[in-house]
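Notes for the one structure printed next.
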Amino acid sequence: MSVELSKQFNPAEAQKRWYTHWESEGYFHSQKNPDRDAFSVVIPPPNVTGALHMGHALNGTLQDILVRFKRMQGFETLWIPGTDHAGIATQAMVEKRLREEENKNRHDLGRDALVNRIWQWKDHYESRILNQLKQIGCSCDWQRTRFTLDDDCARAVRETFFSLFRDGLIYRGKRLVNWDPHLQTAVADDEVTHEKIEGSLWTFRYPIADSKNHILISTTRPETMLGDTAVAVHPEDERYKHLIGSHVILPLQNRSIPVIADPILVKREFGTGAVKVTPAHDPNDYQCGQRHHLPMINILNTDGSINEQGGPYQGLDRYEARKQIIEDLKELDCVEKIEPYETEVGHSDRSKTPIEPYLSDEWFVRMSDLAQSAMDAVTNGTVELFPERYAKTYLDWLSEKRDWCISRHLWWGHRIPIWYCSTCTESDLKKIFKDSSRVTWNYDENKKQWLISSLDDLSPDALGPDHKLDRDPDVLDTWFSSALWPHSTLGWPDNTDDLDYYYPTNVLVTSRDIITLWVARMVITGLYNCKQIPFHQVYIHPKILDGQGRTMSKTRGNGVDPLNIIQKYGPDALRFSLAHLTTEQQDVRLPVSYECPHCGSLLPQQSEHQELRVINGRKPYLNCSKCKEDYQPSSPNFDPDPDMPIGILVSERFELGRNFANKLWNASRFLLMNLENYTPEPFLVSELPLEDRWILSRLTECCHQVTEQLDQYRFSEATRTLYDFTWNEFCDWYLEIIKPRLQQDDQSLAQNVLAGSLDVLLRLLHPFIPYVTEEIWNRLNQVAKQRGLESPFDHSEAIIIASWPQMPAEWRDQQAETDLFRIQEMVTNIRNIRARFQVPQQTKVSLHLRCSQADIPHLIQSSGHLEKLARATLNRDHIGPEVTRPTATASFTLPGMEGHVPLSGLIDLEAERKRQEEQKTKIDARIQGANKKLSNPNYTNKAPQSVVQQTRDRLADDEKQRDIIITLLEQLSSN
RNA sequence: GGGCGCUUAGCUCAGUUGGCUAGAGCACCAGCUCGACACGCUGGGGGUCACAGGUUCAAGUCCUGUAGCGCCCACCA
């Protein structure tokens, strides 16, 4: 029986067939199995802000490679999928869409309606994201799919908040936060990016009270002067010493403010050496204000406009107010000078608007002890980072132990489980909640109110008709729920079997930009809630950059949909190519082109293409420069019209993977064509012919290497090992060598070795290219269900559940490798000669081989290989120490061997002579170098013996070759 | 300002503890319809490993400095 395969591998068919098969057979599902060790991974839940891009594809691919590898190794393997509600980001996307499409803001809709909208958005993108993961081939346990805002996560969030609050680790405080006036929420420090802005440095005159003099102050933020409550100078500054303690009149506001001395805030050499102090609107001034107990005047509304403290400027936007204030100060002759000045202004990462330092009520997690515990986990090696250098990022950040601002003024997220009451007493609370362990409270002296946290929602009348109970309107930082992900997905706070069996998870695979935001916080909450780290190892993979070297992101619009790549090259090509690019040091730059759907011509993607947006409801088009037809570009910024042809994004980087999958497909096709009459039979590796012992030796080495490389997260090296073995050794040499044996009557042994080695190779490749390997596996099962190296056995129905190969170390065969290497050298040399003198493909040549007596037998044995691979006939009479060079030959030399190929009529002797001269020059240079080394006693004494010996051996080889060439040259010049 | 990383063939990148006669894919040149594969086969050209010093018998690999690029962190009016 034989199996027919198409000439080219069809990825789409295999994908459709096998993914559903794997899923319906339940291979992805995992549950506690006491007989096996667990291997568990939780996915970094992608934000539901939009579709996945290539960065996610890489993340998913690497996890799936590990998961499939471990599953094959016999672990009870669990990969939990899910998505993140991504508070600010998602709400911002929906609000933006609302504004663009309906010209409404969130207040027009109201809280419930907006949240409903976001749920719809979430449903849409969640299913799209999960589908993308499936297309990539991710073998997640879909029965356990989770969402950071689902009921189980909500319970974990509530429980965590409650105990942190009870333990005094959560508090409310007034803090200067990064206010995003556009989104009207505080954003974390980590969500602020600093951008250089060409601004100005204004120098103003502030009149000194009861004097005709003034003091000069410089600022980059003129409008904040409305909130100035002091002017600071350096205590040692002779220019201003006399003014300390006196007052100046704040222009426009006509407010008297003190001149204070502050050596921390003031740098004498900067500007005029005098600084206006605005404690409510600048982090440094805030610190200064605290030191000097200055009043803090907030001059801004939440939307960034000036409030009632701004007097006549009330209602103006902050930048409008700036202009007006400068004009008015000019009127008052208070402007000394204006200089161009470049400053760094914090921008909200989400909305891209400049943030305002803003005094606001926020909730914080006290980090000191928590951060320390997470630092210890890494310093003592309980949690390992790969590559190691990222431990520094992690530790540096945690060591600052800055309290974590966890409140967000948003509607989309986990609502803060805090209720306020200003009217009740503690005895009221005690009476009502008795000794319930599900409610806890403390008193806020500043605000004169009780802060009550509860595990269960409290109704407004929970304290009876006499007391008003208000719930905090805000929600928690997204990272608060993400931080619980490894244990909340396994059932915490319940003490579940899953938690017991799968926690801590084995490895977290993520990208470096969330080491602090996410990884560190998972360690913190894992240790706090479960008393155990969340994962043993963290693998940090590179980032995918666009053609311009910028990271792919949803807001930038430069994300490439992996489904484009899959459509063009197939999922295996996507995976193999991505893994191939995943080295330890480098980010991955990925230039892409739009492929015209009409004629296939390519348009390289530029920044301008990434910026294409829907304008007035019209979706952008591109016009093909070749066929002049229109098409819509594939873009993360909009969904294409259904009836419009789409130009998908393609990249030649994925041809590597596609070609490789196809190569494997065709090698298998060849092999399957030659398995007619296959009958399984045992054999001994040590008794196999040279080429078999050689390929099994190489395969053994390959297997050991790939296993080790995967254990070390060296994805690129693993793919290179497999690529080189499959293509350069298995296909280029082994398959070519054994072709004649497959034509003979006693083909059975060759068939068995072939089936057994393909079997191993497929299993090694499966984690990387699951579809093509599963497809071939299935066909191989049809003709050779029983197969194996040395002893055949029945193989599993599907490769996904096959066992990871283990090859005995004794199958490494150094002699076979040396012998075969010698044949490869001879073949290459003969081919080179054939190419140089353009010997026609069909023309056979003969080979005269001068070599030692000892080499004769195995060279005779290998003459068939020379015949097959180089079309060179090695006659018994033309081999041995006595062989002389016939006339009109091209020749090659190897250490201890010279080969001559008679080419009368074809050869250009002058070219041959020149060639040999070049060879000699090269070898002479090497000999000279080696002699120089060896005559240096420092070298022979200090270098390791093995290195010195290697030099000596090579020198000896080179000298032998040189002697041969010299003789050759003499002969060449004489005939 | 601090930290991390990068600079190797035309392009995109490998190169693990110093032993290298510096590799791969793509592109390039020449030749191949030889029944697995043109998403292929065979052969070939192409690099003073950013620059300048240093350590060493030996440096792409280690150290110092310079230049450029990228990312992260940071309070400079």
Side-chain angles (χ1 to χ4, degrees), chain A residues 5 7-9 189-190 194 201-202 217-221 224 232 264-267 270-278 282-287 341 343-344 389-390 392-393 396-397 400 512-513 515-516 543 545 549-551 569 573 577 580-581 583-591 652-653 655-674 709 712 714 716-717 720 723-724 731-732 735-736 739 828 831-836 838-842 870-871 922-923 925-926 929-930 933 936-944 946-948 950-951 954 958:
Chain A
L5 270 67
K7 221 171 170 181
Q8 274 189 5
F9 174 57
D189 289 346
D190 319 285
H194 294 268
L201 184 66
W202 287 272
I217 58 96
S218 298
T219 181
T220 54
R221 302 277 322 268
T224 62
I264 301 173
L265 182 69
V266 181
K267 299 229 166 23
F270 187 89
T272 62
V275 196
K276 62 192 270 310
V277 185
T278 322
D282 181 277
N284 293 310
D285 294 5
Y286 177 78
Q287 306 269 337
Y341 189 74
T343 68
E344 296 236 322
R389 72 186 123 96
Y390 289 115
K392 190 170 163 53
T393 311
D396 284 353
W397 184 80
E400 291 179 25
R512 84 176 96 82
D513 38 11
I515 291 173
T516 54
K543 302 187 63 160
L545 313 177
R550 297 172 303 209
T551 79
Y569 307 97
S577 304
H580 188 260
L581 294 169
T583 59
E584 276 198 26
Q585 310 287 344
Q586 288 272 119
D587 286 340
V588 177
R589 190 184 283 234
L590 192 70
E652 63 176 24
R653 306 289 290 275
E655 289 174 8
L656 174 99
R658 180 198 57 186
N659 296 354
F660 180 68
N662 191 247
K663 186 73 178 177
L664 179 71
W665 175 254
N666 272 292
S668 308
R669 176 165 173 256
F670 164 76
L671 202 145
L672 289 164
M673 283 173 7
N674 283 285
Q709 284 155 345
Q712 304 277 334
R714 296 189 178 158
S716 180
E717 284 180 35
R720 280 163 217 263
Y723 185 99
D724 290 345
C731 291
D732 284 352
L735 290 187
E736 293 305 321
K739 273 178 182 173
T828 308
R831 282 174 177 169
N832 179 303
I833 288 169
R834 297 184 65 113
R836 270 198 347 261
Q838 294 175 3
V839 179
Q841 205 82 54
Q842 310 79 6
R871 292 204 150 239
K922 258 192 220 169
I923 291 173
R926 291 211 301 260
K933 268 188 184 177
N936 180 348
N938 278 327
Y939 175 70
T940 45
N941 293 336
K942 291 186 183 172
S946 59
V947 174
V948 176
Q950 194 180 33
T951 309
R954 281 181 187 165
D958 281 339

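By convention in this document, chain letters (A, B, ...) are assigned in the order of the sequence lines, proteins followed by strands, and residues within each chain are numbered from 1. No hydrogens, no waters, no symmetry mates; every other heavy atom, side chains included, goes into these values.
Across B/C11 and B/A27, the matching C1' atoms stand 7 Å from one another, rounded to whole Å. B/A59 and B/G15: their C1' atoms are spaced 14 Å apart (whole Å). Annotation: B/A58 and B/A22 have their C1' atoms spaced 16 Å apart (nearest Å). B/C6 and B/C49 are spaced 14 Å apart, taking the C1' atom of each and rounding to whole Å. Rounded to the nearest Å, the gap between the P atom of B/A30 and that of B/U7 is 34 Å. Nucleotides B/G45 and B/G31 place their C1' atoms 15 Å apart, quoted to the nearest Å. Rounded to a whole angstrom, the distance from the C1' atom of B/G40 to that of B/U33 is 11 Å.
Applying the salt bridge (Lys or Arg N to Asp or Glu O under 4.0 Å) rule to A/Arg589 yields no partners; only residues at least two apart in sequence or on another chain are considered. Partners of A/Glu655 by side-chain contact (heavy atoms from CB on, under 4.5 Å), not counting sequence neighbours, listed by chain and number: A/Tyr569, A/Glu652, A/Arg658, A/Asn659. Residues forming a salt bridge (Lys or Arg N to Asp or Glu O under 4.0 Å) with A/Lys922 (at least two apart in sequence, or on another chain): none.
Position along RNA chain B of the nearest nucleotide to A/Asn936 versus A/Lys922 favours A/Lys922 as the more 5'-ward residue. Toward the 5' end of RNA chain B, the nearer of the two residues A/Glu736 and A/Tyr390, judged by each one's closest nucleotide, is A/Tyr390.
Using a 4.5 Å cut-off on side-chain heavy atoms (C-beta onward), A/Lys739 and A/Phe670 make contact. Contact annotation: the side chain of A/Tyr390 approaches that of A/Arg512 to within less than 4.5 Å [non-hydrogen atoms, C-beta and beyond]. For the pair A/Asp513/A/Lys543, a side-chain contact is recorded, criterion being any heavy-atom separation below 4.5 Å from C-beta on.
A donor and an acceptor atom, one from each side chain of A/Tyr286 and A/Thr278, are nowhere located under 3.5 Å apart. Under the 3.5 Å distance criterion, with hydrogens and angles disregarded, a donor-acceptor pair is assigned to the side chains of A/Lys276 and A/Thr224.
A close approach under 4.0 Å does occur between a side-chain nitrogen or oxygen of A/Thr583 and OP1 or OP2 of B/A14.
RNA chain B contains the following stems of three or more consecutive Watson-Crick or G-U pairs, with both distances under 3.5 Å: B:1-7 with B:67-73, B:10-13 with B:23-26, B:28-32 with B:40-44, B:50-54 with B:62-66.
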Protein-to-nucleotide contact annotation, 5' to 3' order, nucleotides 20-33 of chain B [B base; S sugar-phosphate only; - none; under 4.0 Å, heavy atom]: -B---SS-----S-
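Distances from the side chain of A/Ala943 to the nucleotides B/G43, B/G19, B/C37 place B/G19 closest.
Base orientation at B/C34 is syn, since its O4'-C1' glycosidic dihedral falls within 90° of 0.
At a threshold of 4.0 angstrom between heavy atoms, the contacts of A/Lys392 are confined to the sugar-phosphate backbone, with no base atom among them. Using a 4.0 Å heavy-atom cutoff across all strands shown, A/Thr220 reaches sugar-phosphate atoms only and no base atom.
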Which atoms of nucleotides 67-71 of chain B (N or O only) lie under 3.5 Å from a protein N or O atom, and what are those distances?
residue: B/C71; atom: O2'; partner: A/Arg512; partner atom: NH1; Å: 3.2

